[in-house]
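All residue numbers refer to positions in the sequence shown, counting from 1. Owing to the predicted nature of the structure, the values given are computational and were not obtained by experimental measurement.
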Amino acid sequence: MLWLLRVCPPAMEFKENGLTYAYESEYADSLRDGWYDDEFHFYGFSAAALGLSYNTNMVDEPPTDWDGLLDEAYADQIAIPDPQQSGTARDFVAAFIQQEGDAGWELIEQLEANGLQMEGANNPALQSVISGSNALVMAGVDYMVYNNIDAGEPVDIVFPESGTTITPRPAFILESSENKPEAEAYIDFILSDRGQEIVAEAYLLPIRTDIPAHENRAQADDIPSLDFDWTFLEENGQDILEQFLEVVR
């Protein structure tokens, strides 16, 4: 059996519990550092970056950083995907707190006072901006925005200067799989030239360093990253989530 997930910490937990099967793909030498397990138990074959998504009919000049959302012009017009429903949002909050510490919690409290509200998972949050119910989404996934731009919707995205998260979407084979050769072939396909081109066509970020992302989106190397590590997120994500929910309800 082969699993595909949207965030890394669960794959790390599967590995720690001895549930994953190590397979070194023929493409292992061309992958982005940090997007796969160094013992080849999982591969983040595609990734999404989180940014500030905004309605272009409502926002002329979007904020350049997260604290720009404190502008009173955005009062009661700011959404964030619910980190209980969005693993990417949950990981972002934990990564933001790892980098910013107490200052990060202070900003979240200030954002809550300015009307920050949870709007379901990623798509409902983005749809609230497309419809004009909100002006901006904090920490929304980028590929959904690019697909909606393609569809002619009034939306765009920027990546804050102080950094964000790029979240690999891991694939892995269970140790208990009875069809390991077929699962290995699937891993090879999603890491192959064609597999990675399909990733790029979906406006996701490819794991292969030699396969560019879609020409109409930001490339991975051009997106500022928060200073965090996945082990911290795996170990502290739940506690940070619970504290976040005490602030933002």
Is it the case that the side chain of [X] and the backbone of [Y] share a donor-acceptor pair, with hydrogens and angles ignored and the cut-off at 3.5 Å?
| X | Y | result |
| --- | --- | --- |
| Asn134 | Val129 | no |
| Asn148 | Met144 | yes |
| Asp71 | Ala73 | yes |
| Glu119 | Pro81 | no |
| Asp156 | Tyr54 | no |
| Asn17 | Glu13 | yes |
| Ser86 | Pro83 | no |
| Ser131 | Gln127 | yes |
| Tyr146 | Leu204 | no |
| Lys180 | Ser177 | yes |

Checklist line | Trace of the side chain to side chain contact (heavy atoms under 4.5 Å, CB included) decision for Ile80 with Val137 | finding: CA-CA 5 Å; Ile80 185 170; Val137 174; 5.8 Å; no
Within a reach of under 6.0 Å around [atom1] of [X], are more than 12 heavy atoms found that belong to other residues, nucleotides or ligands?
| X | atom1 | answer |
| --- | --- | --- |
| Glu242 | CD | yes |
| Asn216 | CG | yes |
| Glu72 | CD | no |

What's the shortest heavy-atom distance between [X] and [Y], and which atoms?
| X | Y | value |
| --- | --- | --- |
| Pro154 | Asn57 | CB-ND2, 3.4 Å |
| Leu205 | Gln219 | CD2-C, 4.4 Å |
| Pro168 | Trp230 | CD-CZ2, 3.6 Å |
| Val155 | Ile149 | O-CG1, 3.1 Å |
| Val158 | Pro160 | O-CD, 3.7 Å |
| Phe96 | Gly104 | CE2-CA, 3.6 Å |

Note to self: I'd like to know whether Phe172 forms a ring-ring contact (aromatic ring centres under 6.0 Å, His included) with Phe14, so could you lay out the CA-CA distance, the side-chain angles of the two residues, the decisive distance to 0.1 Å, and finally the verdict.
What the structure shows: CA-CA 9 Å; Phe172 58 90; Phe14 268 75; 5.1 Å; yes
Next item on the list: Given side-chain hydrogen bond (donor to acceptor under 3.5 Å, both in side chains), test Gln84 with Arg90 step by step and report yes or no.
Entry: CA-CA 7 Å; Gln84 298 171 103; Arg90 170 179 164 148; over 6 Å; no
Margin query: Please say yes or no: joined through hydrophobic side-chain contacts below 4.5 Å, possibly via intermediate residues, are Phe45 and Ile211 part of one cluster?
Written below: no
Check: Is Phe232 reachable from Ile108 through a run of hydrophobic residues whose side-chain heavy atoms are each under 4.5 Å from the next?
Finding: yes
Margin query: I want to know whether Phe42 and Tyr36 have ring centres closer than 6.0 Å.
Written below: no
Check: Does Trp66 have its ring centroid less than 6.0 Å away from the ring centroid of Phe92?
Finding: yes
Does the side chain of [X] reach to within under 4.5 Å of the side chain of [Y], using non-hydrogen atoms?
| X | Y | answer |
| --- | --- | --- |
| Leu107 | Glu100 | no |
| Phe159 | Thr64 | no |
| Asp142 | Leu50 | no |
| Ile157 | Leu52 | no |

Next item on the list: Inspect the contact between Arg249 and Glu112 and indicate whether a charged nitrogen and a carboxylate oxygen are less than 4.0 angstrom apart.
Entry: no
Measure the [atom1]-[atom2] distance between [X] and [Y] for me, rounded to the nearest 0.5 Å.
| X | Y | atom1 | atom2 | result |
| --- | --- | --- | --- | --- |
| Leu191 | Arg194 | CG | CZ | 14.5 Å |
| Trp35 | Ile166 | CH2 | CD1 | 5.5 Å |
| Glu235 | Ile240 | CD | CD1 | 11.0 Å |
| Ser192 | Tyr186 | OG | OH | 10.5 Å |
| Asp91 | Leu233 | CG | CG | 5.0 Å |
| Tyr203 | Tyr143 | OH | OH | 14.0 Å |

Checklist line | Qualifying side-chain hydrogen bond (donor to acceptor under 3.5 Å, both in side chains) pairs with a residue from residues 18-34, counting only residues at least two apart or across chains | finding: Thr20-His41, Tyr21-Glu184, Tyr23-Asp188, Ser25-Asp188, Ser30-Arg208, Arg32-Asp221
Item checked: Verdict with supporting geometry, Ile223 and Arg217, side chain to side chain contact (heavy atoms under 4.5 Å, CB included) -> CA-CA 11 Å; Ile223 299 172; Arg217 63 148 298 141; 3.8 Å; yes
Next item on the list: Apply side chain to side chain contact (heavy atoms under 4.5 Å, CB included) to the pair Leu69 and Leu136, showing each step before the final yes or no.
Entry: CA-CA 9 Å; Leu69 293 171; Leu136 308 101; 3.9 Å; yes
Notebook entry, point to check: Just checking, any donor-acceptor pair under 3.5 angstrom between side chains of Gln98 and Asp229?
Noted result: yes
Margin query: Using side chain to side chain contact (heavy atoms under 4.5 Å, CB included), reason through Gln196 and Ile207 one step at a time and then give a plain yes or no.
Written below: CA-CA 8 Å; Gln196 291 291 283; Ile207 188 176; 3.4 Å; yes
